[in-house]
Amino acid sequence: MNALKSTLLKLDGASYKAYKDIKGKYNFSDFTLIIDRVQGDPFAAPSKLRVKVPQSIAGFPPKLYNSPSRKVALEDYLIRQFDRAAKDLSSHRGTGKSGLIGVTSLGQEVLERTAAFVSKNEIEVRFVVGLPARGRRILGRQAAELLCEDIPELVDRALIYDALNPKEIFPWVETVEDADALRSQLSENNLVAFVANGAILPRRSGADEGPLLKNAIAFQSPSSLEVELNAPNLGKIKGMGIPQGITLIVGGGYHGKSTLLKAIALGVYNRIMGDGREFVVSDPTSVKIRAEDGRSVAGVDISPFINRLPQGRSTGNFSTSNASGSTSQAANIIEALEAGANVLLVDEDTAATNFMIRDRRMQQLISKEKEPITPFIDKIRQLYEDYGVSTILVMGGSGDYFDVADTVIAMENYQPFNVTKKAKEIARECATERQKEGGDSFGRITPRIPLGSSIDPSRGDRAVKVKVRDVDEVAFGSEDIDLSAVEQIVNPGQLRAIAEALIVAKEKYVDDKRSLSQILDKIVRDIDSKGLDILIAYPQGDLAKFRRFELAAALNRLRSLSVKSDRALSVE
Ligand code: ADP
Ligand code: MG
């Protein structure tokens with residue numbers, strides 16, 4: 001530490017580039033500081049650092065990290081402690097990012113990340129620092145304060161067990177372990193989702209994902225849908241079980257339908273203690289589906305839904321650079337199935353009407369031969385019967401779906417009621433008299449083989465140039481991939497990891513022979529067995545775990561993507 005301090009003091013007044021000399025490893029009394037990457041100027045991306053604290057000093061009891069769920073939860077907790085202390089201590093110390101101390105961006109989800117690692121030997125935390133300067137001159141004294149006083153203070157406050165509150169930290173990791181246990185009990189109970197009694201689903205605002213505190217109505221399951229699951233720490237937890245099959249969520253406008261569906265869509269992730277949705281869990285292969293006009297589509301077999309397009313365009317191998325609402329929704333469904341989704345989540349708010357319904361009157365006016373779209377209502381049961389894929393559908397605007405539903409839940413004043421019987425009675429009494437247009441079976445799902453030459457992360461003379469903007473966009477080579485409609489990407493770190501995974505997938509696994517789903521299998525297996533660090537060349541703290549569906553979503557939205565379809569492999 002003394003060596004670092006005296007180097008920094010000596011650098012005072014030197015040109016910013018001289019900071020490069022401090023790259024390296026320094027022993028402090030309680031930890032090691034590693035400077036992996038030094039920024040080139042005060043406005044550039046901040047420098048990348050790590051601390052490693054031995055367990056002999058950090059002192060975390062193994063009970064806090066001795067299962068995979070607990071380990072991820074403890075790591076997440078420590079990042080948040082570090083983040084809070086860093087916000088306290090960060091101060092503006094000169095030009096640009098001078099003085100900043102930051103960790104990865106955090107939200108309501110508990111995700112596996114590269115910002116912290118806990119093992120029986122040590123705690124490692126990765127963060128960034130804006131090395132202080134005035135203009136382009138090094139501020140050596142401020143740098144010494146930051147690295148040699150503030151960082152040790154941060155370690156003392158955030159990474160030493162005795163400095164933390166055991167009354168908070170134990171429930172924190174237990175909550176995550178319980179949520180994982182509930183999720184793992186869904187399929188054996190023939191459920192696709194579970195919403196615990198007492199859950200607070202609404203959020204504070206469109207800009208604040210924290211729980212609504214004032215006037216929030218807690219969730220209470222209707223007794224006929226109530227199930228009890230086992231949480232290892234909290235014991236038995238009761239709540240509403242959504243069975244496999246087709247579930248409609250109906251109810252008047254503004255009565256909480258979309259809020260419920262959104263909580264379920266994000267129930268593929270664990271939430272932090274205090275979120276209100278800690279015990280809202282869904283099948284990990286649930287994919288939120290929506291219309292997304294304007295997206296590109298590469299060689300997707302959308303023939304189960306769309307046929308006989310004008311000008312004889314093929315839909316068995318459909319490509320476009322500008323999909324319509326209905327074709328984009330069809331492509332989103334087929335791509336989710338291709339990637340292995342067992343549950344689809346659809347909200348009328350973000351669906352294409354002509355994809356969802358086609359009533360009797362319209363069937364009479366526009367004959368089936370003149371309508372390329374087979375509406376979802378005529379495919380939703382086949383999807384379940386042929387492929388075992390369940391759907392949860394928010395549909396307040398059309399009762400035509402009563403015929404095909406297994407379960408109908410009505411939201412009224414933010415409370416769920418089981419109205420299945422009533423809906424079925426109504427379906428019998430007022431028949432829709434629609435013609436069924438879905439044929440005998442759902443149809444084939446044709447695997448696609450992505451072509452390596454169409455995936456190019458290079459730009460100008462740089463072999464790899466990728467950059468992530470929040471959760472919505474990746475600049476990949478010379479293209480921008482728009483992911484703003486992919487609602488289950490919740491953290492910029494996921495997008496950062498997805499961008500890196502595309503590059504690794506292209507290098508290692510895209511060989512013009514493997515199908516997209518085989519490529520997903522490979523890369524997901526690598527990450528599961530060796531960790532997210534396999535995606536990056538040197539230690540960085542801003543990656544977070546993503547699902548195969550969101551990696552596929554990014555590749556599928558790459559406008560240059562081209563594929564061969566593999567009819568030989570197609571599932572009928
Ligand atoms: P719908 O989809 O039925 O039209 P939304 O789910 O969009 O309704 O909810 C409408 C409003 O009610 C939103 O502002 C939402 O935050 C709020 N809300 C939803 N659920 C609850 C609840 N349990 N308690 C209080 N407010 C809620
Ligand atoms: Mg809604």
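Bear in mind that the values here come from a model prediction, so they are computed numbers and not experimental data. Every heavy atom of this structure was used, including side-chain atoms; hydrogens, water molecules and symmetry mates were not.
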Distance-only polar pair, side chains of Tyr269 and Gln494, donor-acceptor under 3.5 Å
yes

Minimal heavy-atom distance between Pro46 and Val129, with the atoms involved, is CB-O, 3.4 Å

Below 4.5 Å, heavy atoms only, C-beta onward: do Leu532 and Leu535 meet side chain to side chain?
yes

Between Asn230 and Gln185, does any side-chain donor sit less than 3.5 Å from a side-chain acceptor?
no

I want to check something: taking the side chain as every heavy atom from C-beta on, are Gln39 and Lys20 in contact at a cut-off of under 4.5 Å?
no

For Gly452, is there any backbone N or O sitting under 3.5 Å from a side-chain donor or acceptor partner on Asp512?
yes

Which pair of non-hydrogen atoms, one from Ala554 and one from Ile481, has the smallest distance, and what is that distance?
O-CG2, 3.5 Å

To check you understand the geometry: which heavy-atom pair defines the closest contact between Thr95 and Gly135, and what is its length?
OG1-N, 2.7 Å

Pair Ser328, Asp293: side-chain N/O donor-acceptor within cut-off below 3.5 Å
no

Decide side chain to side chain contact (heavy atoms under 4.5 Å, CB included) for Glu473 and Asp480; before the verdict, give the C-alpha distance in whole Å, the side-chain angles of both, and the deciding distance to 0.1 Å.
CA-CA 7 Å; Glu473 198 175 68; Asp480 291 330; 4.0 Å; yes

How about Gln540 and Arg496: does a side-chain donor come under 3.5 Å of a side-chain acceptor?
yes

As an exercise, state the distance from OH of Tyr77 to CD of Glu168, rounded to the nearest 0.5 Å.
3.5 Å

So for atom NZ, which belongs to Lys262, do other residues, nucleotides or ligands contribute more than 12 heavy atoms lying within a distance under 6.0 Å?
no

Quick check against the 3.5 Å criterion: does Thr259 have a side-chain atom that pairs as donor or acceptor with the backbone of Pro202?
no

Could you tell me whether the side chain of Gln108 reaches within less than 4.5 Å of the side chain of Pro211, counting heavy atoms only?
yes

pair Leu451-Lys564: side-chain heavy atoms closer than 4.5 Å
yes

If you measure from OG on Ser98 to CZ on Arg134, what distance do you get to the nearest 0.5 Å?
8.0 Å

Looking at Ser515, is its backbone amide N or carbonyl O close enough to the side chain of Gln518 to form a donor-acceptor pair, meaning the two atoms are under 3.5 Å apart?
yes

Might you point out which heavy atoms bring Ile237 and Ala196 nearest each other, and give the distance in Å?
CG2-CB, 3.9 Å

Within a strict 4.5 Å, meaning less than it, do heavy atoms of the Val287 and Val268 side chains meet?
no

Do Asn332 and Arg295 get their side chains close enough for a donor-acceptor pair, meaning under 3.5 Å?
yes

Could you check whether any side-chain N or O of Ser90 sits under 3.5 Å from a backbone N or O of Ala86, counting only pairs where one atom can act as donor and the other as acceptor?
yes

Hey, mind stepping through Val51 and Thr32 against side chain to side chain contact (heavy atoms under 4.5 Å, CB included) and telling me if it holds?
CA-CA 6 Å; Val51 288; Thr32 310; over 6 Å; no

At their closest point, which heavy atom of Val297 faces which heavy atom of Ala323, and how far apart are they?
CG2-CB, 4.1 Å

Does a sphere of radius 6.0 Å around CZ in Arg290 hold more than 12 heavy atoms from other residues, nucleotides or ligands, not counting ones at 6.0 Å or beyond?
yes

Taking the basic N atoms (NZ, or NE/NH1/NH2) and the acidic carboxylate oxygens, is any pair closer than 4.0 Å for Asp150 and Arg93?
yes

In this structure, CG of Leu164 is separated from CD of Gln81 (nearest 0.5 Å) by 5.5 Å

Could you go through the side chain to side chain contact (heavy atoms under 4.5 Å, CB included) check for Leu495 and Phe546 one step at a time?
CA-CA 8 Å; Leu495 209 43; Phe546 55 85; over 6 Å; no

Regarding Arg557 and Asp482, does a basic nitrogen lie under 4.0 Å from an acidic carboxylate oxygen?
no

Between Lys87 and Asp83 (salt bridge meaning N to carboxylate O under 4.0 Å), is one present in this structure?
yes

Contact check, side chains of Leu131 and Tyr16, non-hydrogen atoms, under 4.5 Å
yes

Is the backbone of Glu550 close enough, under 3.5 Å, to the side chain of Gln488 for a donor and an acceptor to pair up by distance?
no

Kindly say whether the aromatic ring centers of Phe127 and Phe82 come within a distance under 6.0 Å.
yes

Any side-chain donor near an acceptor of the partner, Asn342 and Asp283, under 3.5 Å:
no

Out of curiosity, Ile503 CD1 to Ile536 CD1, how far, rounded to the nearest 0.5 Å?
11.5 Å

Strictly distance-based, threshold 3.5 Å: is any side-chain N or O of Asp275 a donor or acceptor partner for the main-chain N or O of Arg271?
no

So does Ala475 get a backbone contact from the side chain of Glu479, meaning a donor-acceptor N/O pair under 3.5 Å?
no

Please determine if Lys52 and Glu122 form a salt bridge, counting it only when a charged side-chain N lies under 4.0 Å from a carboxylate O.
yes

So, does Tyr509 use its side chain to make a donor-acceptor pair with the main chain of Leu516 at under 3.5 Å?
no

Write down the atom of Ala339, the atom of Leu520, and the distance for their closest heavy-atom approach.
CB-CD1, 3.9 Å

Take Asp526 and Lys522 through the side chain to side chain contact (heavy atoms under 4.5 Å, CB included) test and state the conclusion after the steps.
CA-CA 6 Å; Asp526 281 356; Lys522 291 269 183 204; 5.6 Å; no

Compare all side-chain heavy atoms of Ile79 with those of Leu106 and state whether any distance is below 4.5 angstrom.
yes

Within the structure provided, determine whether Leu64 and Pro61 are in side-chain contact (heavy-atom separation under 4.5 Å).
yes

What's the spacing between Leu483 CG and Glu292 CD if we round to 0.5 Å?
8.0 Å

With rounding to the nearest 0.5 Å, note down the distance linking CZ in Arg559 to OG in Ser454.
14.0 Å

Angle class for the Phe31/Phe28 ring planes (parallel below 30°, perpendicular above 60°, tilted otherwise)?
parallel

Sequence neighbours left out, what passes side-chain contact (heavy atoms from CB on, under 4.5 Å) with Lys23? Give chain and number order.
Val38

Indicate whether any N or O donor in one side chain lies under 3.5 Å from an N or O acceptor in the other, for Asp472 and Ser484.
no

Applying side chain to side chain donor-acceptor pair (under 3.5 Å) between Asn270 and each of Glu109, Glu278, Arg183, report the one that passes.
Arg183

For Lys120 and Pro62, indicate whether the former's side chain and the latter's backbone hold a donor-acceptor pair under 3.5 Å.
no

Please answer whether the main-chain N or O of Ala298 pairs with a side-chain N or O of Arg448 as donor and acceptor at a distance below 3.5 Å.
yes

I'd like to know if the side chain of Ser458 pairs up with that of Asp456 as donor and acceptor (distance under 3.5 Å, no hydrogens or angles considered).
yes

Looking just at side-chain N and O atoms, do Ser258 and Asp347 make a donor-acceptor pair shorter than 3.5 Å?
yes

Salt-bridge test for Arg525 and Asp521: reply yes if a basic N is under 4.0 Å from a carboxylate O, no otherwise.
no

